[in-house]
Amino acid sequence: QLQLVESGGGLVQPGGSLRLSCAAYGFSLDAYAIGWFRQAPGKEREGVSCISKDGSSTDYADSVKGRFTISRDNGKSTVLFEMNSLTPEDTAVYYCAAQYVKGWNCFMDSNGMDYWGRGTLVTVSS
């Protein structure tokens, strides 16, 4: 069965850090760009970052730029999402998603994704 599984969420204090992981099962991530999305309570899902299939290109939402870092290890079919200087506004369910691409870009458009994980909850609170 083809699936993406996120892990690493939890409760953290403001100013703290978390590292999320996204692992692929049943398929290789080599041909897929990966995006991280989040959905806060009462809000629409938003794209926060993406990485091209070879890791050469990344993009970030303005709200997380300079604080979050996306990376990938295709050999392990895993994408990492390092989140630093967390604020209560970062509280959300975080999802990873895979998009089959032929080029070397990535996109933070949820409509273009082929596979989705079930999400992991990140709560930033004192």
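- Criterion: ILVMFWY side-chain heavy atoms under 4.5 Å apart, direct or through other members. Under it, Leu80 and Leu4 are not part of a common hydrophobic cluster.
- Rounding to the nearest 0.5 Å gives a distance of 12.5 Å between CZ of Arg118 and SG of Cys96.
- When the shell of 6.0 Å around NZ of Lys65 is examined, it contains more than 12 heavy atoms from other residues, nucleotides or ligands.
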Query raised in the report: Given the rule in the side-chain contact (heavy atoms from CB on, under 4.5 Å) test, do Lys76 and Leu29 qualify, once you have shown the distances and angles that lead to the verdict?
Result: CA-CA 9 Å; Lys76 296 181 179 180; Leu29 289 179; over 6 Å; no

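- Considering SG of Cys22 and OH of Tyr94, their distance stands at 14.5 Å, rounded to 0.5 Å.
- Using a distance-only test at 3.5 Å, with no hydrogens or angles considered, a donor-acceptor pair links the side chain of Asp114 to the main chain of Tyr100.
- Taking the six-membered ring for Trp, Tyr60 and Phe68 have ring centres at least 6.0 Å apart.
- For the residue pair Pro14 and Ser125, the shortest heavy atom distance occurs at CD-C, 3.6 Å.
- Checking side-chain atoms of Thr91 against main-chain N and O of Glu89 turns up no donor-acceptor pair under 3.5 Å.
- Closest approach of Gly112 to Gln99, counting heavy atoms only: O-CG, 3.2 Å.
- The two residues Phe107 and Met113 make their nearest non-hydrogen contact at O-CE, 3.3 Å.
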Report task. Step by step, work out the side-chain contact (heavy atoms from CB on, under 4.5 Å) result for Val122 and Met83. Result -> CA-CA 10 Å; Val122 171; Met83 306 187 297; 3.8 Å; yes

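- Atoms CD1 and CG, from Ile70 and Asp59 in turn, are 9.5 Å apart once rounded to the nearest 0.5 Å.
- Asn105 contributes atom CG, which lies 12.5 Å from atom CD1 of Ile51 (distance to the nearest 0.5 angstrom).
- Residues Cys106 and Ser57 come closest through the heavy atom pair SG-O, 4.1 Å.
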Query raised in the report: Given Arg72 and Asp54, is the salt bridge (Lys or Arg N to Asp or Glu O under 4.0 Å) satisfied, shown in steps?
Result: CA-CA 8 Å; Arg72 66 188 297 161; Asp54 66 341; over 6 Å; no

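- The distance from atom OG of Ser63 to atom CD of Glu46, rounded to the nearest 0.5 Å, is 5.0 Å.
- Looking at every heavy atom in both residues, Trp36 comes nearest to Ser21 through CH2-O, 3.8 Å.
- Under the 4.5 Å side-chain heavy-atom criterion for ILVMFWY residues, a single connected hydrophobic cluster contains both Phe37 and Leu121.
- Atom OG of Ser28 is separated from atom NZ of Lys53 by 11.0 Å, given to the nearest 0.5 angstrom.
- A cation-pi arrangement is found for Arg45 relative to Trp116, the charged atom lying closer than 6.0 Å to the ring centre and inside a 45° cone about the ring normal.
- Following chains of ILVMFWY side-chain contacts shorter than 4.5 Å, one cannot reach Met108 starting from Val93, and the two form parts of different hydrophobic clusters.
- Residues Phe27 and Ser77 share a closest heavy-atom pair of O-OG, 4.1 Å.
- Put simply, Leu86 and Tyr95 are part of two different groups of oily side chains (I, L, V, M, F, W, Y) that touch within less than 4.5 Å, one to the next.
- Side chain of Ser17 to backbone of Asn84: no donor-acceptor contact under 3.5 angstrom is found.
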Requested in this report: Evaluate the side-chain contact (heavy atoms from CB on, under 4.5 Å) criterion for residues Tyr25 and Leu2: first the C-alpha distance (whole Å), next the side-chain angles of each, then the deciding distance (0.1 Å), finally the verdict.
Outcome: CA-CA 6 Å; Tyr25 296 92; Leu2 309 181; over 6 Å; no

